[in-house]
Amino acid sequence: MGILGRFKKQGGGSEVKPDVSAVLQLKDFHPFDTGLSQAVMALAEEFGRKEFPARTICDRDQFMALLAGVTALRRTPGIPGPGESGADYFTTLPRCATPEAEAECRAHLEKIFGITDRQSLLDFCKNEICCHRQYLDFVGFWEGNPPFDMAKLNSDALKYFQTARDFSAQFYSVVGHHGYLAWDICECMGHLRSGYACGILTGEELNGLAEHWIAQAQIFNNWVEFAISVVCGELYWDFRNGSKLPELNKGLDLWTRLVRVLLEDSAAWGSGMWYEPAGESK
């Protein structure tokens, strides 16, 4: 079954009706009706009503750890988990405690992700994780600045692109140009975190590779915006990898719980801690 066929609800369905003021001038804008965007909007509104701490300046290493927040909630072999670390778990970059633990982590990264060294780590993130560039392509068409000529795509590529674009359209009125950026940041920083923990990356390499994501993160005003972008990116990533609506709804439930944990933890995103590079203060 093709990407369009596996996604459509049985019996069809009407398109999502985003805020008219947000989409009035958009072109070729046809959001799918999935119910996902309404759920994400409700989540954004819920978080918007809560009192979260104002930004508190933190150092660069703490911010790198915070950017990998959701991935730090996963159990990675060889790396100490939340229950094995202290109160600063989400603001420190871990190291494997023993050579055996380091080998266990490396074996896990190779088996699950094909990551064996710096280059394979970067290739995996670029080819398997990053989604935001695709979202920006969709935005270009919606806003009348197409980045390429769709007429040059073959029929299969065109169908895939249009379906992925229309799936993403449902989130435009929620995340705007933030799109799926936080998903890319969080997941890529998570892999950098793991690579550093087991010695695939040196501290110098980690710092150099993280610089891009630290700079990109400055588009967000707070962790609430970041969390909503993470959730939308996860939904697109699942969709892109073949998930149908039941699985997408399960993913939404899971990632809602994960970002909620981080936002409600005063030692994680709920702390308001944020790093601002020189000249980047808002």
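Here the options are Tyr172, Phe161, Tyr180, Phe167, the test is ring pair (Phe, Tyr, Trp, His ring centres under 6.0 Å), and the partner is Phe138; only Phe161 passes.
Within the structure, salt bridge (charged side-chain N to carboxylate O under 4.0 Å, His left out) pairs that include any residue of residues 182-198 comprise Arg74-Glu187 (at least two apart or interchain). For the ring pair (Phe, Tyr, Trp, His ring centres under 6.0 Å) condition, no pair includes a residue of residues 67-90, sequence neighbours left out.
Inspection of the Glu143 and His177 side chains reveals an N or O donor paired with an N or O acceptor under 3.5 Å. For Trp274 and Gln218, the side-chain atoms include at least one donor-acceptor pair closer than 3.5 Å.
With contacts defined as side-chain heavy-atom distances shorter than 4.5 Å, the pair His108/Phe113 qualifies.
Taking a cutoff of 4.0 Å between a charged side-chain nitrogen and a carboxylate oxygen, Glu211 and Arg60 qualify as a salt bridge. Under the 4.0 Å criterion applied to side-chain N and carboxylate O atoms, Lys50 and Glu46 are assigned as salt-bridge partners.
Counting non-hydrogen atoms of neighbouring residues, nucleotides and ligands closer than 6.0 angstrom, the NZ atom of Lys152 reaches no more than 12 such neighbours.
Note on Val174 and Tyr135: same hydrophobic cluster, where clusters join Ile, Leu, Val, Met, Phe, Trp and Tyr whose side-chain heavy atoms are under 4.5 Å apart, directly or indirectly.
Taking the six-membered ring where tryptophan is involved, the planes of Trp223 and Phe63 are tilted, since the angle between them lies from 30° to 60°.
The backbone N or O of Asp123 lies less than 3.5 Å from a partner atom in the side chain of Asn127, making a donor-acceptor pair. Panel note: side chain Arg95, backbone Tyr196; a donor-acceptor pair is recorded below 3.5 Å. Looking at Trp269, its side chain never comes within 3.5 Å of a backbone N or O of Asn222 through a donor-acceptor pair.
Listed by chain and number, the residues in a side chain to side chain contact (heavy atoms under 4.5 Å, CB included) with Thr256 are Leu43, Leu252, Arg260 (sequence neighbours excluded).
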